[in-house]
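A, B, ... follow the sequence lines: proteins, then strands. Residue 1 opens every chain. A quick note: this is a predicted structure, and the numbers were derived from the prediction, not measured.
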2 protein chains.
Amino acid sequence: MAPPKSDLPQGTLDLLILKVTALGPVHGYAIAQRLEQVSRGVVQVPEGSLYPALHRLENRGLLAADWKETETGREAKFYRLTRKGLKQLETETADWHRLIDAIGLILGMADGGAR
Amino acid sequence: MAPPKSDLPQGTLDLLILKVTALGPVHGYAIAQRLEQVSRGVVQVPEGSLYPALHRLENRGLLAADWKETETGREAKFYRLTRKGLKQLETETADWHRLIDAIGLILGMADGGAR
DNA sequence: TGTTAATGCATAGAAGCACGAGGTATTAGA
DNA sequence: TCTAATACCTCGTGCTTCTATGCATTAACA
């Protein structure tokens with residue numbers, strides 16, 4: 001029984017991709033699988049979201065790509081994190097936590113908190 | 001010096017508004033202030049985001065509005081959560097936590113060996 | 001052998017949302 | 001009188017995400 005999937009808030013996909021590529025070079029298809037597996041099916045990345053995001057990150061110089069062979073002997077485009085991408089990953093991760101904490105405060109508001 | 005603000009990921013603003021209105025009727029301007037205060041300045045809601053969101057939620061039947069007088073004797077549009085809005089708030093809150101946990105798993109992925 | 005499923009890449013079009021900039025009006029205070 | 005704060009609104013831009021579609025290869029399978 002697959003857990004219900006959630007649409008990703010705008011901007012978080014880039015962060016997740018940067019995180020996965022930070023662990024070593026991977027090709028796009030594997031990134032989507034990784035995200036789905038680790039999140040236990042909650043995060044699902046359609047290819048129409050994935051590939052534009054990868055190109056976006058590559059154009060911004062946060063990722064670099066080379067064509068290589070996969071373990072199964074197929075050609076695939078392996079992405080790796082650039083130094084600039086690593087910096088971006090760090091700041092975006094910090095931003096993410098700050099934002100999540102802030103939203104947690106809001107969602108945790110009780111009726112007694114005001115007035 | 002104001003704490004660094006974060007742009008809201010697309011989709012989260014509605015959730016936050018629903019949460020604030022769940023605590024009692026409030027007018028739009030106060031919603032933005034509440035969010036900013038409780039989040040300690042991290043969440044900032046420009047009016048160009050706020051009012052479209054309120055109209056959106058009202059059109060979807062999640063909020064209802066009445067013109068009333070504020071404590072300072074001014075006319076303002078007070079929003080309150082409908083029954084449908086409450087249901088929506090509950091499911092969206094659950095979705096949010098599920099997603100945050102999932103992303104937490106991803107961001108917590110170790111880069112290699114134990115640590 | 002034909003067909004489906006999985007792998008792996010890509011783009012186009014539509015829909016949605018946040019934001020900046022601009023506008024109106026009232027009230028309080030310097 | 002001028003400014004700041006309160007309180008509402010809308011238009012246009014920019015960006016992302018998703019659905020749908022296309023291509024090509026390989027493996028499984030009926």
When rounded to whole Å, the CG to P distance for the pair B:Asp14 and C:dC19 reads 12 Å
Is any side-chain N or O of A:Arg56 closer than 4.0 Å to OP1 or OP2 of C:dA10? no
Rounded to whole Å, how long is the line connecting atom CD of A:Gln10 with atom P of C:dA14? 19 Å
From CD of B:Glu36 over to P of D:dA5, roughly how many Å is that when rounded to an integer? 12 Å
Rounded to whole Å, the NE2-C1' distance (B:His27 to D:dT6) equals 8 Å
Is the phosphate of D:dA7 approached by B:Thr70 (side-chain N or O, under 4.0 Å from OP1 or OP2)? yes
Rounded to the nearest Å, what distance is computed from the CD1 atom of residue B:Ile31 to the P atom of nucleotide D:dT6? 15 Å
Is there a donor-acceptor pair under 3.5 Å between the side chain of A:Thr21 and the backbone N or O of A:Ile17? yes
Relative to the 5' end of DNA chain C, which residue comes earlier, A:Gly28 or B:Val45, by the nucleotide with the nearest heavy atom? A:Gly28
Considering the options B:Leu86, B:Leu23, B:Val20, which one meets the side chain to side chain contact (heavy atoms under 4.5 Å, CB included) requirement together with B:Leu81? B:Leu86
Spacing of B:Leu50 atom CG relative to D:dC8 atom C1', expressed in whole Å: 10 Å
Euclidean distance, atom CG of residue B:Leu16 to atom C1' of C:dA18 [Å, nearest integer]: 13 Å
What are the two closest heavy atoms between A:Thr70 and A:Ala76, and how far apart are they? CG2-CB, 3.5 Å
Report yes or no: does B:Thr82 contribute a side-chain atom to a donor-acceptor pair with the main-chain N or O of B:Gly61 at less than 3.5 Å? yes
Given D:dA7, C:dG16, C:dT7, identify the nucleotide with an atom nearest to the side chain of A:Arg74. C:dT7
Check every strand shown and say whether A:Gly73 touches a base, only sugar-phosphate, or nothing at a heavy-atom separation below 4.0 Å. nothing
Give a yes or no on whether the backbone of A:Ile103 and the side-chain of B:Lys19 come within a donor-acceptor separation of less than 3.5 Å. no
Working to the nearest 0.5 angstrom, can you tell me the gap between A:Arg56 CZ and A:Leu62 CG? 10.5 Å
On DNA chain C, more 5' by nearest nucleotide between B:Pro9 and A:Ala76 is A:Ala76
Identify each atom pair where a protein N or O and an N or O of nucleotides 9-11 of chain D are less than 3.5 Å apart, giving names and distance.
unit_1, atom_1, unit_2, atom_2, d
D:dC9, OP1, B:Lys77, NZ, 3.1
D:dC9, OP2, B:His55, NE2, 3.2
D:dC9, N4, B:Glu47, OE1, 3.3
D:dT10, OP2, B:His55, ND1, 3.4

Taken to the nearest whole Å, CG/B:Leu13 to P/D:dC15 is 20 Å
Any side-chain to backbone donor/acceptor pair from B:Lys84 onto B:Arg60? Under 3.5 Å, distance only. yes
At less than 4.0 Å, is any side-chain N or O atom of A:Gln33 found next to OP1 or OP2 of C:dT7? Yes or no. yes
